[in-house]
Amino acid sequence: MSKTADTTQLQGAAAPDPSRWKALVFIALAQLMVVLDATIVNIALPSAQQDLGISDGNRQWVITAYALAFGGLLLFGGRIADLWGRKRTFVVGLLGFAAASALGGAATGEAMLLGSRALQGAFGALLAPAALSLLAVMFTDARERAKAFGIYGAIAGGGGAVGLILGGFLTEYLDWRWTFYVNVPFAVVAAAGAYFVIREPAGGRNRSALDIPGVILSTLGLVALVYGFTRAESDGWSDTTTIGLFVASAVLLAAFVLTESRVRSPLLPLRVLTERNRGGVYLSLGLAIIAMFGLFLFLTYYLQVVKGYSPVRTGFAFLPMIAGMITGSTQIGARLMTRVPARALMGPGFLVAATGMLLLTQLEVGTSYASLILPAQLLLGLGMGTAFMPAMSLATHGVEARDAGVASAMVNTSQQVGGAIGTALLNTIAASATTSYIASHAAGATGPGAQQLLQLQAMVHGYASAIWWAVGILAAAAAIAFTFINAGRPGATVIASSADGEAGGEGVADEVKVPVVAH
């Protein structure tokens, strides 16, 4: 091919989609809906439990049913996006999520509610990787990509806190059922917009046969892992079932890796994991989510139980964190991403977040919100937002178009597993520290109100003890970002993605513009 012809071909491949910014609106709306759903139901759970007569032992399944389906099916959902096409998977996921949400809002009993939550998780597992992979293949200019992922990163990081605010409003002023119904307009608008606006670039499908053994092993392995951490939170780490679930998960996931290294068309090509930048992102992001989800839990209980905040006031108390995340993602991360290496944003970002977390280790029963909690949240939000933005972009760093869906699914998988681990691990640490504090201070708790004060002091001591662990986890995330991630400033390089035998057996090379990072 002549130099002129080659240049012409590359320029043709590089032509940006004129509707990409409109598409971003609907992709961001869908992502917001999925992230909101992770926390919005938490606020409504006590009301739903009372209304439907759900026992204390079974109430956790309202959260767990969603987490198991979502976490277990994410890799399968990412592969389906590569097989069916991201736009089609995205729209199907949205409509299915809307239907499942409507079913949950109309639930007349425990079984109906739990079934709707499992369906939400299953359709969310289709929707989430399709959304991120659409961004990866539609935004190919380095500066535009930075802005798009800045918006996406802010939503991914701050959406959970927004869910606490919205959940508080809907539960307090309407009814718990509206925490489900609110998803329906979100999903319908996003699906209609996506159908008419999104034009997926050609040549990025992976039409190879579906890896059924990989689907079964990964789904069962991830379900066992997520459920194991859920059981650990409620029944303890030494519980026989908990240990059995962790052992089963390890065996199943080891068998999954062995299978993927041998089959011709793997569900998760190991090349997606072994590239050091993507591997570093998955690991550091998962650790950061462990710390952040644990904090959401502790601050919610601290503000409502210890400080006596209402659900709505509690939601508003998280606003500084949201503001920090949006600022860090769109103003710091997006502006610097094309100027400095990703590790120079992710590593310091996690350290700033760790500093905010460190402030919260000083929590006491009488702590002032304005003097400690507010600045801590601002630092945490700024750090997380700055780190999340390049992390979301690097998750598809140098990936072939045919693997964009499954690479995107790995981001969501690391977040979902991180969230499950964070809630269980840090909650268990906090509960243990609380029990120890009560045992060592019980003798001095005499007089009116002394026992109640002791309970509050023990609770806050437990939170502070667990938050120390979160500080260490964030420091570890920073160390991984500095060590593993060596990509330089993003560039907009055009590479060819070959639809070879592994991708579908057609042997046709399609020119696809895929963003890579210049070293």
List in chain and number order the residues that pass side-chain hydrogen bond (donor to acceptor under 3.5 Å, both in side chains) with Thr89, two or more places apart in sequence or in another chain; answer none if no residue qualifies. none
Which atom of Ala387 lies closest to which atom of Phe350, heavy atoms considered: CB-CE2, 3.7 Å
Partner set under side-chain hydrogen bond (donor to acceptor under 3.5 Å, both in side chains) for Trp176, not counting sequence neighbours: Asp51
If every non-hydrogen atom of Ala125 is compared with every non-hydrogen atom of Ala69, which pair is closest and at what distance? CB-O, 4.4 Å
Minimum heavy-atom distance Ala98-Val184, with the two atoms named: O-CG2, 3.7 Å
With side chains defined as the heavy atoms from C-beta onward, is the minimum distance between Leu29 and Phe186 less than 4.5 Å? yes
Nearest heavy-atom pair of Pro213 and Thr259: which atoms, and what distance? CB-CG2, 4.2 Å
Spell out, as yes or no, whether a donor-acceptor pair under 3.5 Å connects the side chain of Gln377 to the backbone of Ala317. yes
Is the backbone N or O of Ala323 less than 3.5 Å from a side-chain atom of Thr327, with the two atoms forming a donor-acceptor pair by type? yes
At what distance, to the nearest 0.5 angstrom, does CZ of Phe76 lie from CG of Leu83? 9.0 Å
With side-chain contact (heavy atoms from CB on, under 4.5 Å) as the criterion, how do Leu74 and Leu222 come out once you've worked through the C-alpha distance, each side chain's angles and the decisive distance to 0.1 Å? CA-CA 9 Å; Leu74 268 168; Leu222 287 172; 5.7 Å; no
Could you tell me if the side chain of Phe180 sits less than 4.5 Å from the side chain of Arg117, heavy atoms only? yes
So do the side chains of Pro185 and Val188 get within less than 4.5 Å of each other, counting heavy atoms only? no
Close side-chain approach of Leu474 and Leu287, heavy atoms under 4.5 Å: no
Decide yes or no for Leu103 and Met112: does some side-chain heavy atom of the first lie under 4.5 Å from some side-chain heavy atom of the second? yes
For Leu126 and Val92: C-alpha separation, side-chain torsions, deciding distance, then whether side-chain contact (heavy atoms from CB on, under 4.5 Å) applies. CA-CA 8 Å; Leu126 278 181; Val92 169; 4.3 Å; yes
Asp175 side chain near Leu170 side chain, heavy-atom distance below 4.5 Å: no
Distance, nearest 0.5 Å, that separates CZ of Arg86 from CG of Leu127: 14.5 Å
Residue pair Phe388 / Met292, side-chain heavy-atom distance below 4.5 Å: yes
Supply the atom-to-atom distance Met321 CE to Leu299 CG, rounded to the nearest 0.5 angstrom. 6.0 Å
Given the rule in the ring pair (Phe, Tyr, Trp, His ring centres under 6.0 Å) test, do Phe169 and Phe316 qualify, once you have shown the distances and angles that lead to the verdict? CA-CA 10 Å; Phe169 260 107; Phe316 274 108; 5.6 Å; yes
When you look at NZ of Lys22, are more than 12 heavy atoms from neighbouring residues, nucleotides or ligands closer to it than 6.0 Å? no
Mind checking whether Tyr66 and Phe70 have parallel, tilted or perpendicular rings, split at 30° and 60°? parallel
Is the shortest heavy-atom distance from the side chain of Leu94 to the side chain of Met33 under 4.5 Å? yes
Where the side chain of Ser116 meets the backbone of Leu113, is there a donor-acceptor pair that is under 3.5 Å apart? yes
Show, in sequence, the C-alpha distance, side-chain angles and deciding distance for Ile485 and Met346, and conclude whether the side-chain contact (heavy atoms from CB on, under 4.5 Å) test is met. CA-CA 9 Å; Ile485 295 169; Met346 289 181 64; 3.5 Å; yes
Atom OG in Ser329, atom CG in Leu382: separation rounded to 0.5 Å? 11.0 Å
For the student: nearest non-hydrogen atoms of Gly124 and Phe97, plus distance: N-CD1, 3.9 Å
About how many Å separate CG of Leu217 and CD1 of Ile212, when rounded to the nearest 0.5 Å? 11.5 Å
Of all the heavy-atom pairs spanning Pro390 and Leu345, show the shortest one and how long it is. CG-CB, 3.9 Å
So, Arg262 side chain and Val257 main chain: donor-acceptor pair closer than 3.5 Å or not? no
Is it the case that over 12 heavy atoms from other parts of the model lie below 6.0 angstrom from the CZ atom of Phe246? yes
Can you tell me how far the CG atom of Leu252 sits from the OG atom of Ser218, to the nearest 0.5 Å? 10.0 Å
